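Presented below is the structure to which this report refers.
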Amino acid sequence: RDAGSKGSRRSGDVGRGRTGSVQSGVHAHTLRSRLLPGGLFVKICVERGLLPSPEAQRLLEHLRSAVEAGEIESGRHHSYYLDVLDEKFGKPRPRPVDTELQV
């Protein structure tokens, strides 16, 4: 065997072996991510006074599950989903005011 044919066969095998699974995974991720608007995780964290955390992730997953189950609409504005969270889990507690920032 020469190095060229060995290399091309190996790269072809790798490509065929991985392409389907990667594309399927990417496609599934794309479909899931289209259900909710981009940046929603950040909006959830900001509006609810959370750091990126498992709690914030659970809220996002709750919304994803509700959309996939047809309980709420997909493709809506951030405010729609924040309202859904407020209805389900209550409004977030008011954040303490930093007195040094007040003028």
Side-chain angles (χ1 to χ4, degrees):
R1 297 179 207 169
D2 66 345
S5 66
K6 183 177 179 182
S8 65
R9 185 176 63 226
R10 184 181 300 149
S11 65
D13 292 342
V14 170
R16 278 193 301 273
R18 292 186 182 172
T19 303
S21 63
V22 171
Q23 286 177 347
S24 297
V26 170
H27 182 67
H29 174 72
T30 302
L31 288 176
R32 278 200 322 269
S33 64
R34 286 184 188 161
L35 297 175
L36 298 172
L40 182 57
F41 183 75
V42 172
K43 294 279 189 186
I44 290 170
C45 291
V46 169
E47 292 297 317
R48 299 191 75 83
L50 300 171
L51 292 173
S53 63
E55 180 183 358
Q57 188 64 42
R58 279 191 296 275
L59 294 172
L60 184 64
E61 288 302 319
H62 169 77
L63 293 172
R64 267 195 198 120
S65 296
V67 168
E68 289 172 351
E71 298 167 3
I72 61 174
E73 297 176 33
S74 65
R76 297 284 303 267
H77 189 267
H78 297 102
S79 59
Y80 170 78
Y81 300 103
L82 296 172
D83 289 344
V84 168
L85 291 177
D86 289 349
E87 288 176 19
K88 176 74 176 177
F89 301 104
K91 293 213 179 258
R93 288 180 273 151
R95 289 176 256 163
V97 177
D98 187 348
T99 55
E100 292 181 23
L101 293 177
Q102 293 181 350
V103 180

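All of these numbers come straight from a predicted model, not from anything done at the bench.
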Quiz: residues 70-77 side-chain donor-acceptor pairs under 3.5 angstrom, not counting sequence neighbours:
| residue | atom | partner | partner atom | Å |
| --- | --- | --- | --- | --- |
| Glu73 | OE1 | Arg76 | NH1 | 3.0 |
| Glu73 | OE2 | Arg76 | NH1 | 3.4 |
| His77 | ND1 | Ser79 | N | 3.1 |
| His77 | ND1 | Ser79 | OG | 3.2 |

Check: How far apart are the closest heavy atoms of Leu51 and Ala56, and which atoms are they?
Finding: O-CB, 4.1 Å
Please report, to 0.1 Å, the donor-acceptor pairs under 3.5 Å made by any side chain of residues 35-49, with sequence neighbours excluded.
| residue | atom | partner | partner atom | Å |
| --- | --- | --- | --- | --- |
| Arg48 | NH1 | Asp86 | OD1 | 3.0 |
| Arg48 | NH2 | Gly90 | O | 3.0 |

Checklist line | Gap separating the CZ atom of Arg64 from the CD atom of Gln57, nearest 0.5 angstrom | finding: 6.5 Å
Check: What's the spacing between Lys91 NZ and Leu85 CG if we round to 0.5 Å?
Finding: 11.0 Å
Margin query: Checking His78 now: which residues fulfil ring pair (Phe, Tyr, Trp, His ring centres under 6.0 Å) with it, not counting sequence neighbours?
Written below: none
Next item on the list: Start with the C-alpha distance between Arg58 and Glu55, add both sets of side-chain angles, then the distance that settles salt bridge (Lys or Arg N to Asp or Glu O under 4.0 Å), and finish with yes or no.
Entry: CA-CA 5 Å; Arg58 279 191 296 275; Glu55 180 183 358; 5.5 Å; no
